[in-house]
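Note sheet for the following structure.
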Amino acid sequence: MALQDRLDALKADFESGRFPLKPTREALDTMHRATAELIARGQAQRARKAGDPAPEFTLRDPDGKPVSSRELLTRGPLVVSFYRGVWCPYCNLELQALQAALPDIAARGASLVAISPQTAPNSRKSQRENKLDFPILIDVRSEVADAFGIRFALPDYLVELYKSFKNDLPVFNDDPSWVLPMPARYVIGTGGTIAYSEVNPDYTQRPDPSELLPVLDQLKAARAA
């Protein structure tokens, strides 16, 4: 099943009350309002896109080891996925889909990392529960997400809803600011230029990892030429 089909099924189950957490109509309207307002602000269109230079970063993995984008790019292209956190079921489905695509990504000479603002214990939980063989990197205060143009602050009314859901982002992220990255996926070429970008302010919409493969094929062919 394609990733978006799985996400659509998850959304249908959640909104119809087939989750342990059963949102009210008012809560659903609040979430839809926040997504619509984020779309209307146009931030996704202003984020880094294909053809732009990718911000360099060095972030730590859950074991405290620094991971450098510059060093990874010496090995080949780099696939970067920004996600919200282990508390987000849509993000977990995306991580699982990326894990399934990892052999195809690696076969094209590329590396894959996921980036989240959550703490190291929560990143380890993401890796463990989703059975990931690629690293999750910790973006403290979503500073790298901000460099890519995808960090945003939750509106106050959404903060209150998240609190009622026990989604305490200051605890998950060890950051009191209530900021998140918009879900985004990038392919960065070895020269540091973004070859592919997908940023969506609607967190229930994610591209299938198969979309990355033609881009990686083109980068591989260009390196061989």
Side-chain angles (χ1 to χ4, degrees), residues 3 44 46-86 91 94-120 122-124 126-128 130-151 173 181-200 206-225:
L3 173 58
R46 297 189 296 273
R48 295 292 179 105
K49 57 186 179 296
D52 290 341
E56 291 187 5
F57 59 83
T58 299
L59 297 173
R60 294 190 181 276
D61 70 12
D63 297 322
K65 175 186 174 183
V67 177
S68 161
S69 62
R70 176 179 289 187
E71 195 277 329
L72 290 174
L73 287 169
T74 65
R75 309 177 195 174
L78 175 61
V79 177
V80 179
S81 178
F82 287 91
Y83 78 105
R84 305 191 311 162
V86 69
C91 298
E94 180 181 17
L95 291 175
Q96 293 164 24
L98 287 168
Q99 174 62 34
L102 183 58
D104 290 327
I105 292 170
R108 289 159 172 81
S111 301
L112 168 63
V113 299
I115 296 177
S116 168
Q118 66 192 357
T119 61
N122 285 316
S123 292
R124 281 192 288 271
S126 281
Q127 288 182 305
R128 182 175 64 253
N130 294 298
K131 299 179 173 61
L132 305 182
D133 295 319
F134 57 88
I136 290 176
L137 306 182
I138 301 163
D139 186 14
V140 178
R141 294 182 295 277
S142 291
E143 291 180 351
V144 173
D146 189 42
F148 278 83
I150 61 174
R151 183 178 69 180
N173 300 340
M182 287 184 285
R185 200 179 300 160
Y186 293 92
V187 175
I188 304 170
T190 54
T193 298
I194 297 170
Y196 167 96
S197 67
E198 172 66 27
V199 180
N200 201 322
R206 316 279 176 114
D208 200 82
S210 61
E211 294 187 16
L212 303 172
L213 304 183
V215 180
L216 295 174
D217 285 336
Q218 292 170 7
L219 293 174
K220 184 176 181 180
R223 294 199 309 275

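Just so you know, these numbers come straight off a predicted model, no measurement behind them.
Atom CG of Leu112 sits about 12.0 Å away from atom CG of Asp104, to the nearest 0.5 Å. Distance NZ/Lys220 to OG1/Thr190: 13.5 Å, rounded to 0.5 Å. Rounding to the nearest 0.5 Å places CG of Leu219 at 11.5 Å from CG of Leu78. With values rounded to the nearest 0.5 angstrom, Ile136 atom CD1 is found 6.0 Å from Gln118 atom CD. Residue Tyr83 holds its OH atom at 11.0 Å from CG of Leu98, rounded to the nearest 0.5 Å. Annotation: the span from Asp61 atom CG to Ile138 atom CD1 amounts to 7.0 Å, rounded to 0.5 Å.
Side-chain N or O atoms of Arg48 include one that pairs as donor or acceptor with a backbone N or O of Pro53 at under 3.5 Å. Counting only distance, with no hydrogens or angles, the side chain of Ser81 and the backbone of Ala114 share no donor-acceptor pair below 3.5 Å. Ser68 contributes a side-chain N or O that, together with a main-chain N or O of Glu71, makes up a donor-acceptor pair within less than 3.5 Å. A donor-acceptor pair under 3.5 Å is absent between the side-chain atoms of Glu198 and the main chain of Arg206, judged by distance alone. Put simply, the side chain of Asp63 never gets that close to the backbone of Lys65: no donor and acceptor are under 3.5 Å apart.
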Verdict with supporting geometry, Asn130 and Gln99, side chain to side chain contact (heavy atoms under 4.5 Å, CB included):
CA-CA 8 Å; Asn130 294 298; Gln99 174 62 34; over 6 Å; no
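The two atoms that bring Pro214 and Ser210 nearest to each other are CD-O, 3.3 Å, heavy atoms only. Of all heavy-atom pairs spanning Val144 and Asp139, the tightest one is N-OD1, 2.8 Å. Here the closest non-hydrogen pair linking Pro209 and Leu3 is CD-CD2, 4.2 Å. A pairwise comparison of heavy atoms in Val199 and Met182 identifies CG1-CE, 4.0 Å as the closest pair. Between Leu95 and Leu132, the shortest heavy-atom contact is O-CD2, 3.7 Å. Closest approach of Ile150 and Ala47 over heavy atoms only: CG2-CB, 3.8 Å.
The shortest distance between side-chain heavy atoms of Pro66 and Arg60 falls below 4.5 Å. A 4.5 Å side-chain heavy-atom check between Leu213 and Ile105 finds at least one atom pair inside the cut-off. Proximity of Val80 to Val113: side-chain heavy atoms (C-beta onward) are separated by under 4.5 Å at one or more points. Contact check for Pro207 versus Tyr196: side-chain heavy atoms found under the 4.5 Å cut-off. You'll find the side chain of Leu137 reaches within 4.5 Å of the side chain of Ile115, heavy atoms only.
In terms of the ring-ring contact (aromatic ring centres under 6.0 Å, His included) criterion, residue partners of Phe148 (sequence neighbours excluded) are, by chain and number, Phe82, Tyr186. In terms of the side-chain hydrogen bond (donor to acceptor under 3.5 Å, both in side chains) criterion, residue partners of Glu56 (sequence neighbours excluded) are, by chain and number, Arg70.
Classification of Glu94 and Arg185 as a salt-bridged pair holds, one side-chain N sitting under 4.0 Å from a carboxylate O.
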